[in-house]
Structure formats: structure tokens, C-alpha cells
Amino acid sequence: MQKRKIILISGDRGAGKTMFCISLKNALSDLGKSHAGVISPGIYRAGKRIGILAEDILSGERRRIADYTPGWDEKHPERVWRFDFDAINWLNERLKNMPDAEILIFDELGYLEFEENRGWTAAFERLDAGRYRCAFVVVRPELIDKALSRWPDAAIQNINADTDIGNLIENMLNQLNESE
């Protein structure tokens with residue numbers, strides 16, 4: 001494959017990063033482009049996010065990976081998500097064994113991966129291997145510097161509540177097509 005490109009998708013909580021990933025996955029499917037990775041939609045009750053799922057893009061299989069549990073981590077009280085490491089390990093194995101794809105989507109790489117070298121470490125291996133054309137990696141604003149230290153040539157695309165996701169995806173895919 002050609003030289004790889006990594007685009008870091010960032011924005012505050014609720015900005016639309018996961019919606020971007022879902023819309024991108026759908027657009028790539030419509031275009032017949034090979035893509036793989038993981039999307040992490042929220043589980044909501046009464047308008048509040050109470051859990052996080054992980055979806056293997058290739059199979060569509062989902063597992064619950066986290067529950068909203070403020071105060072569970074005494075060392076890091078700012079961490080409000082308690083992770084199910086059996087589910088994390090399940091997806092990590094999927095990522096290790098997924099076939100090469102033109103486009104990768106990882107929603108999201110966070111403190112587990114960047115600060116503790118746990119979580120979806122197979123995503124790091126896949127990204128560093130470079131067997132893709134473009135990778136879209138969701139990273140929270142507070143971890144952008146860590147992501148850039150790992151991938152200094154990565155581009156950053158910030159998303160906020162006003163971002164026209166459909167237009168953004170169309171523009172990004174047009175740029176990828178022009179660089180073929």
C-alpha cells in the first residue's frame with residue numbers, strides 16, 4: 001500500500017466523534033472500500049451515557065466494554081469509566097487477527113492505551129505496521145500530545161457540535177481519492 005496517513009479525530013465529550021466514525025464506516029461500505037477497526041458507541045438511559053460498547057467493524061459483533069462508575073478508581077478519581085477487561089481482550093484479539101484494510105477506524109484510543117500500555121494495544125501494532133492507506137483514530141484532546149509523539153506526521157481533525165459530519169467525510173474521502 002501507499003504511504004500511510006493517520007488522522008487524529010478529536011473533540012470534547014459529546015462532540016460527535018463516534019457519530020463521525022459510524023458515518024465514515026457507512027460511507028466506506030457504500031463506496032465498497034475495505035475498512036476495519038472498532039467503533040465504540042455509547043449506551044444511553046434517560047439521555048445519559050451509562051455504558052460503552054465496542055463493535056468489531058468487520059463482523060458487526062458488539063460487547064459492552066465499560067460502565068459509568070464515578071469514584072471507582074481512588075488513584076485517578078477523574079476516571080469515571082470502569083472497563084471490562086474480558087471484553088477489551090476479546091476485541092484486542094480481533095484487532096490482532098483482522099485482515100489488512102485500506103482504511104482503519106479506531107474509536108477510541110485513550111488513557112489505557114497511551115498511559116498504561118493496556119487496552120487495545122493491538123491497535124498500536126496495526127497502526128505502526130503501516131499496512132493501510134489511511135487510519136482515523138479518535139483521541140481525546142488531553143491525549144493529542146501523546147498521540148503526536150507516537151505519530152508525529154499525523155493530521156488532527158477537531159470535531160465539535162457544529163461540525164457538519166457528512167460534509168467533512170465527503171471532503172476527506174475526496175482528498176483520499178485525489179491522492180490515489
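One-based numbering along the sequence shown. Worth saying up front: this structure is predicted, and the values here are computed from it rather than measured.
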Across all chains, not counting sequence neighbours, the side-chain hydrogen bond (donor to acceptor under 3.5 Å, both in side chains) partners of Thr121 are Asn92
Using the side chain to side chain contact (heavy atoms under 4.5 Å, CB included) criterion, which residues pair with [X]? Sequence neighbours excluded.
X	answer
Ile43	Ile50, Leu53, Arg64
Asp12	Pro141
Asp86	Asp84
Glu142	Arg140

Taking only residues two or more places apart in sequence or in another chain, which ones pass ring-ring contact (aromatic ring centres under 6.0 Å, His included) with Phe85?
->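 Phe85 satisfies ring-ring contact (aromatic ring centres under 6.0 Å, His included) with no residue once adjacent residues are dropped.
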Set of ring-ring contact (aromatic ring centres under 6.0 Å, His included) partners for Phe83, sequence neighbours left out | none
Does the His76 side chain pair with the main chain of Glu74, one donor and one acceptor, at a distance under 3.5 Å?
->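 A pair under 3.5 Å: no.
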Give a yes or no answer on whether the side chain of Glu113 reaches the backbone of Gly110 with a donor-acceptor pair at less than 3.5 Å.
-> yes
Identify, with sequence neighbours excluded, every residue that meets salt bridge (Lys or Arg N to Asp or Glu O under 4.0 Å) alongside [X].
X	answer
Asp128	Arg150
Glu78	none
Arg94	Asp56, Glu61
Lys146	none

Pairs satisfying side-chain hydrogen bond (donor to acceptor under 3.5 Å, both in side chains), at least one member in residues 17-26, at least two apart |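 side-chain hydrogen bond (donor to acceptor under 3.5 Å, both in side chains) check on residues 17-26 returns Thr18-Asp107, Lys25-Glu55.
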Can you name the closest pair of heavy atoms from Ala87 and Arg63 and give their distance?
-> CB-CB, 4.1 Å
Distance flag, aromatic centroids of Trp120 and Phe106, threshold under 6.0 Å = no
Show your working on salt bridge (charged side-chain N to carboxylate O under 4.0 Å, His left out) between Glu116 and Lys75 and close with a plain yes or no.
-> CA-CA 13 Å; Glu116 296 183 7; Lys75 288 183 181 178; over 6 Å; no
Look at Asp100 together with Arg126 and state whether they make a salt bridge at an N to O cut-off of under 4.0 Å.
->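 Between Arg126 and Asp100 there is a salt bridge, with a charged N closer than 4.0 Å to a carboxylate O.
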